[in-house]
Structures are given as structure tokens and as C-alpha cells.
2 protein chains.
Amino acid sequence: MTETAVESAAAQSKSQQAYTAVKARIVEGIYTPGYRLVLAKIAEDLGFSVVPVREAIRRLEAEGLVKFERNVGATVSGIDPTEYLYTMQTLSIVEGAATALSAPLIDSVAIARARAVNEEMRECLEHFDPVRFTALNQDFHSVLFEHCPNPHILDLVHRGWNRLASLRSSTFRFVPGRAQESVQEHEALLQLIESGADADTIEHAARRHRAATLDAYLATTN
Amino acid sequence: MTETAVESAAAQSKSQQAYTAVKARIVEGIYTPGYRLVLAKIAEDLGFSVVPVREAIRRLEAEGLVKFERNVGATVSGIDPTEYLYTMQTLSIVEGAATALSAPLIDSVAIARARAVNEEMRECLEHFDPVRFTALNQDFHSVLFEHCPNPHILDLVHRGWNRLASLRSSTFRFVPGRAQESVQEHEALLQLIESGADADTIEHAARRHRAATLDAYLATTN
DNA sequence: GAGTACGAAATCGTATACGATAACTATCAC
DNA sequence: GTGATAGTTATCGTATACGATTTCGTACTC
């Protein structure tokens, strides 16, 4: 009653807390791909019992962040090139759609903010800061998607981002040449939106933007 | 040991069984939108305890089939026109992508099968059998998606279908005029695929096919 | 008569406990 | 020395139990 901080923490169920905690550890790379998630151990670490942890793990499984085998246990999803392709291809499609749907609702203030983020990204390239670059890249698109009229599609975008984060792909597959292009494509995309280009054009540009990164990856492996 | 039937049933975890059972009841319309899913009651019905049931419900929540409120409980997701719009719009996008990706891999045998299904759909129109029409409609697209090279996208399509099924929308919003068009669009789509049309053209057609149904619905409400 | 406050019932959330399954290890036979 | 097998350990899967929260009904007050 008196402790508001505790109150707000207690307002969340433990399964929710466990979900958030484990997800954060995966996305931040504390739990790396292949890491064995032992229910009892996580429960002990977090200070509560296995049931809520188990529930959290199943939710993460549904999002594709972990793999769960009956009577064996859960492991953080690994870097499977095929999975990477599937995820990037899907992201290309949903990001394209999200951008096209959002475009008419983006005002000049948002454009300016996005441009500022993109400028920061350019600076990251000079100082070679791939981690921050990746974070800013999400910020850039988040600004564009701020008023996305379809939350389902936005949710799919976020799921894709989480998967990529768990794959830890963006950082160590970071290709400076591609990053440079990416910044330029962002600016081109902003200009398309400003000029009030039609939905198809914007969708195609946004889609290509993601697909080009996939192509760059495929080029390095073949 | 001796009872293979029991054995195969036991091979599935109870949480999996609960998931399948409850999902089926929702999709089949036994549990209608707004239906209150009381954990203890479902557990008793199925003959096992609440923990696996709870897990199943959370999975269904992740798929959008049920709504789960802390300390209140779960209810089957209702027919919210806004949700319908979101789902149809998203389906339009992912079905479009799935069709375009699958098109190059569809052989003449599959085309013939799809055509046969479509012919059955036409017959359903004459006998006015909306339920079977809806089922066949899924069959038609399933044939096209049989060799879809991206399972993630296919999964999104199936999730959308499940949501629609739980919304029980397709049957009672069944508009004969639109259904007629739908059959024609199927044939047009098949011809596009046969002729080896480019991916963009096919994607656009498939997307419009779903979007037109949404438009027809919106027209009836405005 | 309407609104509020209190209490009881229903239901959820989580801990603990135990049985079931799979992985590992050590031993034995060849 | 290598392979198979039995026993042990670790971990999962689920049941049961109890505390926490919400909801509903009832009584009381204004």
C-alpha cells in the first residue's frame, strides 16, 4: 500500500516477469544460441518456482526465440542460415507493408526525427560502432511505424526484430559497405514519403531495403 | 506397451492435447466468441489438471484466439470489426507473398487439383452451402501453398485463417455476390500462374483477392 | 430508491511434491 | 580396447494445495 515501487512490480505476474527477464537475456546476448535453459536453474536465479518460468519459456518458443523439446528441455535458438533467410524474407514483406501503411500518417516532425536518427547512424559508421548502429536502425524504423494503423503487422515486425536479435546476426555479420548503402536508402525512403509517393512505390522501396541486406549476406556465403 | 493407440496418445504431452482440444472447440465454433474459458472446468472436462490447460490457453492467447486477463480469466476472442479489418489486411499481405513465392513451384498437376476444388466451390454456390464453400476455399489456397518455400510466411497465413475461423466471420458474413467473384478470381489466378506471370503481378492479384472480400464487408457496414 | 460498503464465492497464480523420461556413466562381456 | 547394458542422475511433466485477487450479492445508509 505504501510502497508504490513494489506495488507496480507486484502488479505483473511472475510468469510475465520471467518472460521479460529471459527474453532480455536472449536479446542482449547473455544467453547465446545453443544455451541450455534449465527450468529449475532459471527459477532459482529469478527467485521463484518453475511453473511461471515454464510458461515464459513456452511463450518464447511461440515467438521462435527458443526451441523446446519434450522431456529434454529448452535451448536458445541457434544461428541457422535457413532460419535467417526465412526471417529476413518475412521481415522484408511485413516491413514493406508497415511502411506503406504508415507513410500517409507520417508528419514533417516525424520525418525530421527520423532524419536525425539517420544522421547519427552515419556518424556511427565513421566511428565504427555496429552495436549502436543496429539499435539506431530499429529506432529509425520505429519512428516511421509510430502511427502504423495495423497493430498486427507491427507486431509481426517486432517479432522479426526479436528473432534477429536472438540470432545475434546483425552485429557480427555487419558489413560496412552494406551499412553505408542502408543509410542512403533511409534518406531515399524519407524523400519518397515526403513527396507523397504512392503506396506501391514506398512498399517496394522499403521491401528492397531489407531484402538488400539479405542479398548482401547471401553474397558473402556463396 | 501392448496398446499402440494409447501409446501414441501418451506420446503427446497433456498440454499439447489440451491445446489441440481447446483450439478445435474454438475453430469449430463449440466455444463461441465471448465464451468464458474457466481453467478448472476445462481441466475437469479433459480429465487432467489445470497446469497443462493453463499452458494451452496461453499458447492460444499468443495466437490471438483467446483473450487472457490477469486474475480474471480467459475468454474466446470476440467479433470486433476492427480486429476483423486488421486480420484481413494482414492476411491479404501474407497470402499475397505466399502465393508469389509459391507460384514458380506449382506444377500442372497441382493446378489441375486446384481447378477441381474451385469447380466444387462453384457447385457449392448453386446449392448454397457456405460452410463447405469456406472449407474448400482454404483447400484451394492450401494446394497453391503446398510447396511454399518459406514456412514462416505459411505459418502466418494459417494463423490468420484460425483467427477468422474463431471469429466465425466467413460464414455469417457470407455474401453470395462476393463468393461468385471469388471463384472467378481463383480461375484468373490459376491462369496467371500457368502463364508464368512475374511475381509482382501474381502477388498483386492474390492480395487483391483477399482485400476485395474485406472491401465487400466494409461496404455492407457503411 | 440509489448508491456504497462489506462479505462470501469463484477463480486465478504460484509453490511444492512426486512420477516419468531421457541423458549420462560405469561396468561387464567379448 | 570396444561395444553393449544396467544403474544413476538430471531434468522435465503434471497433480495437488493454498494464498491472492476479483467479482458478485447482500445489507445498510442516505
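This is a predicted model, so every value here is computed, not measured.
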Whether H141(A) and H186(A) hold their rings parallel, tilted or perpendicular, with breakpoints at 30° and 60°: perpendicular

Pairwise 5' ranking along DNA chain D for G73(A) and P52(B), keeping only the more 5' one: G73(A)

S49(A) side chain, from C-beta outward: closest of dT14(D), dA15(C), dT23(D): dA15(C)

Whole-Å gap separating P (dC12(C)) and CD (E44(B)): 13 Å

Rounded distance in Å - CG (L39(B)) to P (dA15(D)): 13 Å

Rounded distance (Å) that lies between atom C1' of dG13(C) and atom CZ of F48(A): 12 Å

Angle between terminal axes - the helix from dG1(C)-dC30(D) to dC30(C)-dG1(D), 5 pairs each end, rounded to 10°: 10°

Minimum-distance nucleotide (side-chain atoms of S13(B) versus dT23(D), dT14(D), dC12(C)): dT14(D)

Modelled atom types, side-chain donor and acceptor of H152(A) and E83(B), under 3.5 Å: yes

Short side-chain N/O contact from K14(B) to OP1 or OP2 of dA15(D), under 4.0 Å: yes

Side-chain donor-acceptor pair present, Q89(A), Y84(A), cut-off under 3.5 Å: no

Residues that R207(A) engages under salt bridge (charged side-chain N to carboxylate O under 4.0 Å, His left out), provided they are two or more places apart: E203(A), E203(B)

Parallel, tilted or perpendicular: rings of W161(A) and F145(A) (30°, 60°): parallel

Identified salt bridge (charged side-chain N to carboxylate O under 4.0 Å, His left out) counterpart of E185(A) within the set R208(A), R210(A), R178(A): R178(A)

Sugar-phosphate, base or nothing in reach of L37(A), heavy atoms under 4.0 Å: sugar-phosphate

Given DNA chain D, 5'-ward residue of the pair V51(A) and N71(A), judged by closest heavy atom: N71(A)

Nucleotide nearest R54(A) when distance is taken to its side chain, options dT16(D), dA23(C), dG13(D): dG13(D)

Selection from dT11(D), dT14(C), dT16(C) that lies nearest to any side-chain heavy atom of V50(A): dT16(C)

Minimum-distance nucleotide (side-chain atoms of S15(B) versus dT14(D), dG13(D), dT23(D)): dT14(D)

